[in-house]
Amino acid sequence: MSFRLIDAAQGPGEHSRAIVVQARTLEFYQQLGFADAVVAEGIVAQRIHFRESGRDGRSRELIQLRFGELGKGLSPYPFALIYPQDDHERFLEKRLAESGIRVEWNTALTGLTQSQTGVRATVRGPNGEEQIAAEYLCGCDGAHSEVRQALGLGFAGRTYEQPFFVCDCKVASGFETDLYANLGEDALALMFPVRLSGMQRLIGLVPPELSNAEDLTFDDVRGRIEPLIGKTVTEVNWFAVYRVHHRVAERFRSGRAFVLGDAAHIHSPAGGQGMNTGIGDAMNLGWKVADVLHGRASESILDSFNEERLGFARALVATTDRAFTAIVSPGMRGELVRRVVAPIGFLAATQLSVTRAMFFRI
């Protein structure tokens, strides 16, 4: 069985982007024989600290929880792994190369047609335009998916008004491998480790007075964020402002073409499931296509991809939407959720067997 893997990008990503690798993804990688190698390159998160900043500007710890073995007895990987997406992509590209598979960078899909027996894709690459005939096409081409648009699939949902910032940086106090949730009045800032080189990830609400400003830099939010996290940022490697969306394609299969990952569903970063859900899509569809092509299963098995993953995506988007909306709500309601409900809810989730099982079976 042969396939071609094209990507319009010039190469693997250059920023950390998604950084959490969940247990289920590591279990998939275990099946492929390289989970332990991924774990060795990442950072195992051990503790999370919930801290609040009072109206007097002072910061204090509300609760500290250990979750390095949150999934003990449920998974061989009972933790959340921090592994930045750009490193992750390079790792996977290397594994593909070892199997004789080359990613065709700078090559974009520009059109597709289908028949009952196959798909014909028009692509433009470094050597010009060409036609590719294939039995199936899998579109893993992001939120602005050319495949999804060519198939005419709806992508219903909405965009949240609250802007967020994301920043990869170093802090004066030195590298922190624990996770911190810093909570304040109309404020939220999370801090995670990103790389063993000492880089931290900050994610937070853009201050209300800056929510409509353009071309923001970290210096614009520094005065609100540093007191909240109780640390001084000494070096900024990457800073971006974005608005969160939640959308799900009307279906994930159209004839012999499929959409997966962000091309099929996008949602808030609550729970760190975005990239992991896309990998789950690929694992679900991959073995089914392989079995069909090798004659081990009938073509009808491919319908189960849409049934299984569409339902999962809709449930995940609904859950993260409720959580995200509550956390970013303005006024007393949002402050109550951030300062009280979130810490207590997380404590309950780490202690109750039913919630632990749900978290590690996603």
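- Between Ala263 and Gly139 the shortest heavy-atom distance is CB-O, 3.6 Å.
- Hydrophobic clustering (side-chain heavy atoms under 4.5 Å, transitive across Ile, Leu, Val, Met, Phe, Trp, Tyr) groups Val123 together with Leu151.
- The main-chain N or O of Ser254 is found under 3.5 Å from a side-chain atom of Gln114 such that the two form a donor-acceptor pair.
- In this structure, His88 and Ile279 have side chains that are in contact, with non-hydrogen atoms separated by less than 4.5 Å.
- To the nearest 0.5 Å, atom CG of residue Asp219 and atom CZ of residue Phe239 are 9.0 Å apart.
- Side-chain contact between Phe3 and Ile101 is present, with heavy atoms from C-beta onward closer than 4.5 Å.
- Heavy-atom minimum distance, Asp178 versus His49: OD2-NE2, 2.8 Å.
- Here the straight-line distance linking atom CD1 of Ile19 with atom CG of Asp168 works out to 7.5 Å at 0.5 Å rounding.
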Decide side-chain contact (heavy atoms from CB on, under 4.5 Å) for Leu293 and Tyr136; before the verdict, give the C-alpha distance in whole Å, the side-chain angles of both, and the deciding distance to 0.1 Å.
CA-CA 10 Å; Leu293 293 177; Tyr136 298 100; 3.9 Å; yes
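- Rounded to the nearest 0.5 angstrom, Arg51 CZ and Met191 CE are separated by 10.0 Å.
- Of the possible donor and acceptor atoms, none in the side chain of Arg256 sits under 3.5 Å from a partner among the backbone N and O of Val119.
- In this structure, Phe34 and Phe91 have perpendicular ring planes: the angle between them is above 60°, well past the 30° mark.
- Note that CG of Leu202 is 4.0 Å distant from SG of Cys169, once rounded to the nearest 0.5 Å.
- Residue Ala37 comes nearest to Arg95 through the heavy atom pair CB-NH2, 3.7 Å, listed as atom of the first residue, atom of the second, then distance.
- Under the 4.5 Å side-chain criterion, counting only non-hydrogen atoms from C-beta, Val259 is not in contact with Arg251.
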Using atom types as modelled, flag every donor-acceptor pair under 3.5 Å from a side chain in residues 228-238 to any protein atom, sequence neighbours excluded.
| from | atom 1 | to | atom 2 | distance (Å) |
| --- | --- | --- | --- | --- |
| Lys231 | NZ | Ser173 | OG | 3.4 |
| Lys231 | NZ | Glu176 | OE2 | 3.2 |
| Thr234 | OG1 | Lys170 | O | 3.3 |

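- Judged by distance alone, the side chain of Asp220 and the main-chain N or O of Thr217 form a donor-acceptor pair under 3.5 Å.
- Of all heavy-atom pairs spanning Asp86 and Gly13, the tightest one is CB-O, 3.1 Å.
- Side chain of Arg201 to backbone of Ala18: no donor-acceptor contact under 3.5 angstrom is found.
- Contact record, Phe252 with Ala313: CZ-CB, 3.9 Å, taken as the closest heavy-atom pair.
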Evaluate salt bridge (charged side-chain N to carboxylate O under 4.0 Å, His left out) for Glu41 paired with Arg90, printing each intermediate quantity in order.
CA-CA 12 Å; Glu41 292 196 6; Arg90 282 187 284 270; over 6 Å; no
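- Under a 3.5 Å cut-off, the side chain of Gln200 and the backbone N or O of Phe192 do form a donor-acceptor pair.
- Counting non-hydrogen atoms of other residues, nucleotides and ligands closer than 6.0 Å to CD of Glu104 gives a total above 12.
- The one candidate from Glu308, Glu307, Glu299 that meets the salt bridge (Lys or Arg N to Asp or Glu O under 4.0 Å) condition with Arg253 is Glu299.
- A pairwise comparison of heavy atoms in Arg148 and Ala249 identifies CD-CB, 4.2 Å as the closest pair.
- In this structure, NZ in Lys288 is found 9.5 Å from CZ in Phe258, a value given to the nearest 0.5 Å.
- In this structure, a donor-acceptor pair under 3.5 Å is present between the side chains of Glu93 and Trp105.
- Side-chain contact between Ile48 and Phe50 is present, with heavy atoms from C-beta onward closer than 4.5 Å.
- Following chains of ILVMFWY side-chain contacts shorter than 4.5 Å, one can reach Tyr83 starting from Met275, so the two form part of one hydrophobic cluster.
- Side chain of Asp7 to main chain of Val103: no donor-acceptor pair is present (N/O by atom type, distance under 3.5 Å, no hydrogens or angles).
- Remark: Ile301 CD1 to Leu285 CG distance equals 10.5 Å, nearest 0.5 Å.
- Counting only heavy atoms from C-beta outward, the side chains of Tyr160 and His246 approach each other to under 4.5 Å.
- Here the side chains of Asp87 and Arg195 are in contact, with some heavy-atom distance below 4.5 Å.
- At least one donor-acceptor pair under 3.5 Å links the side chain of Arg309 to the backbone N or O of Thr277.
- For Arg17, the CZ atom is loosely surrounded, since the number of other residues' heavy atoms within 6.0 Å does not exceed 12.
- Contact annotation: the side chain of Leu81 never approaches that of Ile43 to less than 4.5 Å [non-hydrogen atoms, C-beta and beyond].
- A side chain to side chain donor-acceptor pair (under 3.5 Å) check over residues 118-129, counting only residues at least two apart or in different chains, returns the pairs Thr122-Gln131, Arg124-Glu129.
- Ring pair His265/His267 is parallel by interplanar angle, where below 30° counts as parallel and above 60° as perpendicular.
- The side-chain tip of Arg222 does not point at the ring of Phe218 from less than 6.0 angstrom away and within 45° of straight on.
- Residues Ser75 and Glu27 have side chains that bring a donor and an acceptor to within less than 3.5 angstrom of each other.
- Side-chain atoms of Asn182 come within 3.5 Å of backbone N or O of Ala189 as a donor-acceptor pair.
- Proximity of Leu190 to Leu188: side-chain heavy atoms (C-beta onward) are separated by under 4.5 Å at one or more points.
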